[in-house]
Amino acid sequence: MPFCPVADLAAQWVLLDDRIAADWLPADDPALSLAADERRLAIETSVMHLPIASDAGAAFVAWLLALHVSLADDDEEPAELRDRHRQAALAGARNLTRYLATRAMI
């Protein structure tokens, strides 16, 4: 099985998820919590532009794609932020479609 950078980043993202990180991040260190949040957001952004090479990576991109679509449709969000979510969803949809089409040919 080839290395999938998306699946690797998904594993990192899981460790930084608020529910998981609460078990290992010290509650009295807001700077560390902020750094973990920033890293998680950076992963969410970069994953949408990376080539997918595994089913696990595709599942993570599909989940993020749904999240971005939902946020882009939120009327309470500023227009600029909604546009960024649309762009991320579009990039993720392209990568997911490319992976699924390639996988179907194999």
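These numbers come from the heavy atoms of this one structure, side chains and all, not from hydrogens, waters or symmetry mates.
Atom NE2 of His85 sits about 8.5 Å away from atom CG of Asp74, to the nearest 0.5 Å. Interatomic distance, CG of Leu96 versus CZ of Phe60, reported as 13.0 Å (0.5 Å rounding). Atom CZ of Arg94 and atom CE of Met48 lie 11.0 Å apart (nearest 0.5 Å). Here Ile20 contributes atom CD1 and Leu25 contributes atom CG; the two are 11.5 Å apart, rounded to the nearest 0.5 Å. In this structure, CD on Glu44 lies 11.5 Å from CZ on Arg39, to the nearest 0.5 angstrom. In this structure, Leu65 CG and Ser70 OG are separated by 11.0 Å, a value rounded to the nearest 0.5 Å.
Shown here for Ser54 and Cys4, the closest heavy-atom pair between the two residues is OG-SG, 3.4 Å. Arg40 approaches Leu16 most closely through the heavy-atom pair NH1-O, 3.2 Å. Residues Thr45 and His49 come closest through the heavy atom pair O-CD2, 3.2 Å. Closest of all the heavy-atom pairs between Tyr99 and Ile52 is CD1-O, 3.4 Å.
Hydrophobic clustering places Val6 together with Trp63 (ILVMFWY residues linked when any side-chain heavy atoms are closer than 4.5 Å, directly or through intermediates). Put simply, Leu32 and Ile43 are part of the same group of oily side chains (I, L, V, M, F, W, Y) that touch within less than 4.5 Å, one to the next. By the criterion of side-chain heavy atoms lying less than 4.5 angstrom apart, applied directly or through intervening Ile, Leu, Val, Met, Phe, Trp or Tyr residues, Val14 is grouped together with Val61 in one hydrophobic cluster.
Between Asp73 and Val69 the shortest side-chain heavy-atom distance does not fall below 4.5 Å. Taking the side chain as every heavy atom from C-beta outward, Asp83 and Gln87 approach each other to under 4.5 Å. Leu50 has its side chain out of reach of Asn95: every pair of non-hydrogen atoms, C-beta onward, lies at least 4.5 Å apart.
Remark: Asp75 engages Arg82 in a salt bridge, criterion side-chain N to carboxylate O under 4.0 Å.
Side chain of Trp24 to main chain of Leu15: a donor-acceptor pair is present (N/O by atom type, distance under 3.5 Å, no hydrogens or angles). Remark: the backbone N or O of Ala93 is paired with a side-chain donor or acceptor of Thr97 at under 3.5 angstrom.
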